[in-house]
Every structure is written in structure tokens, then in C-alpha cells.
Amino acid sequence: MRFEEESKIKDVSKLSTKKWRDLQNYLRSRVVVEDLFVSSLRYVGGIDVSYSQVGKNAKAFSAVVVLDILTWSMVDLSVAWMESSVPYIPGFLSFREVPVILEAMDKLTVLPDIWLVDGAGIAHPRRVGLASHLGVLLDVPTIGVAKSRLVGTHGELGEERGSRVPLLDDGTQEQIGWVLRSRNAVKPLYVSPGHKVSMESAVKIVLACCTRYRLPEPIRTAHNMVTQCKNKIPS
DNA sequence: GCGACAG
DNA sequence: ATCTTGTCGC
């Protein structure tokens, strides 16, 4: 039964936004915001997607990497690419990016203890951003790390690295994530639990992965790899 | 109707 | 995300 649900969810690129919304509401009920990843955290994954052109029939590229948190060395890497005609619609990004991400993940040999995903976790209109969608689909711990805000409001944020303020639901005022200053005087990151991680752990893990740059190392590495792949493959 | 809007 | 040059600031 669960296999049927998954196979249904993995091939939804041509459905209507109405169906997409239904699937998100189903996925939403399965998201867990609790620490269910290994306490001896050591391998952190990074995921990023890039496109060869704007508009319809573009080619989508993805890179998934696994880094050793002790040295930040890359212990595994996998890339994938495919034609994609799924447009970007705010609130439905996962239906555009999940297919090519899954293809790359299939070829990975070392699985990380937790994944950092370029996009939102539960800081989403229906609490299922790309990170949460992937987490539930694969039943793995994930954290959403967005470079800009999708939803939510927040107070003023300090300028120093490590400063953070809660990101609140526009209506209910429930906390749906954090606005985090990952480096001094840089634009903040919008961090939110994806799946199987708590609000507190999510922000601590992301900050721990932000060493020299604004973006956490696993996502930077994934971004570098997907760019390299894209420039190497004919499009 | 108007504005907002991850990547 | 992508299209693009130089330029301001820590």
C-alpha cells in the first residue's frame, strides 16, 4: 500500500496544481518534527538542482553529495539530469525538482545521517516544502535551507553570525522555522525542519555547517558539483 | 482585484 | 533558477 502511494507520488509532473495540493496535504500529515536522526551525527548530505535554460523543455541537473563533518571532505557524489517541462510555481517547487533528485540519489552508495536541502522545509504554505517532501518520500531526516523567504514573518535579526529569530506562521503565529545569520553582515538563511528533526536541532546543525561562507558546506559543495556537471554535459 | 511568491 | 559588468564594502 505504501509502495503504491510512493509510486503515485513519484510521477506527478503532469498533474494539476489541484492534485499537487492534495498530495501535499497527504505528505503533510506524515511529516515528523522530532529528532529521529542518529545522535552520533557525522555524515551530512547536500542537495542542489540547476537548469540549463529558462522556460519549457529545459534540462534539469541535480547533484547530491555526502560530506564528512570532521574534515568537510566529500565521501560520495552523484549527479543526474533529465528533460523537464515542469514550471516553477511558488509553493510547488518540489514537483519540479524531486524527479531529478531521486534519480541522482538512486546511484549514491553512502547515505548521510541527515540531508540539507536547498529550499524550504515546513516553512511552506502547507508545511511541505521540498525538504519535507523528500524526507517523507524517502523516510530520511532532512532540513530546509532557503536563501529567501517563502512564507512567515519575523522580528529584527542581529548582525552577528549565529543570531536567529523565530519565523512565524503568518496566521497562527506558530513557529515554522528560523531566520539565521550564518555569517556576519550577510543576508540571512531561512532554516526549517524538513523531516525527522526538531526545530532546535535544525538550526544548530545548519549553523555548524556554515564555516567560511553564507551557505552550509554540503549545499555549497552540491551547488559547485551541479554547476560543474552542467558545464560538462551537452545541452 | 492586488500583492506575494523557495528555486 | 537564468540572463550579465563592473563595483562597493568588510
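Throughout, a chain's letter reflects where its sequence line sits, starting with A, and its residues are numbered from 1. Only heavy atoms go into these numbers, but all of them, side chains included; no hydrogens, no water, no symmetry mates.
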Novice: Given side chains that start at C-beta, do those of His195(A) and Asp139(A) come closer than 4.5 Å, heavy atoms only?
Specialist: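 Sidechains of Asp139(A) and His195(A): in contact.
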
Novice: Does Ala104(A) offer a backbone N or O that forms a donor-acceptor pair with the side chain of Ser78(A) under 3.5 Å?
Specialist: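 Side chain of Ser78(A) to backbone of Ala104(A): a pair is present.
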
Novice: Check whether the side chains of Glu217(A) and Thr211(A) place a donor and an acceptor atom closer than 3.5 Å, and report yes or no.
Specialist: yes

Novice: Dot-bracket for DNA chain B, please, read 5' to 3', with Watson-Crick or G-U wobble pairs under 3.5 Å on both distances, ( ) within the strand, [ ] crossing, | other strand, . unpaired.
Specialist: .......

Novice: Which of parallel (below 30°), tilted (30 to 60°) and perpendicular (above 60°) describes His133(A) and Phe95(A)?
Specialist: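 Perpendicular.
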
Novice: Would you say Glu97(A) and Tyr51(A) are linked by a side-chain donor-acceptor pair, where the criterion is simply a distance under 3.5 Å?
Specialist: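 Judged by distance alone, the side chains do pair up.
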
Novice: Looking at Asp170(A) and Gly152(A), would you say the former's side chain and the latter's main chain have a donor-acceptor pair under 3.5 Å?
Specialist: yes

Novice: Please test Asp118(A) against Val49(A) for side-chain contact (heavy atoms from CB on, under 4.5 Å), starting from the C-alpha separation and ending with a verdict.
Specialist: CA-CA 8 Å; Asp118(A) 193 350; Val49(A) 176; over 6 Å; no

Novice: Summarise protein proximity over nucleotides 5-10 of chain C in one line of letters, 5' to 3': B for base, S for sugar-phosphate only, - for none, counting protein heavy atoms closer than 4.0 Å.
Specialist: ------

Novice: Using a 4.0 Å heavy-atom cut-off, write out nucleotides 2-7 of chain B from 5' to 3' as B (base contacted by protein), S (sugar-phosphate only) or - (no contact).
Specialist: --SBBB

Novice: So, Arg126(A) side chain and Arg28(A) main chain: donor-acceptor pair closer than 3.5 Å or not?
Specialist: no

Novice: Decide whether Ser73(A) and Asp68(A) meet the rule of one side-chain donor and one side-chain acceptor closer than 3.5 Å.
Specialist: no

Novice: Could you tell me whether Arg181(A) and Glu159(A) make a salt bridge, using a distance below 4.0 angstrom between a side-chain N and a carboxylate O?
Specialist: yes

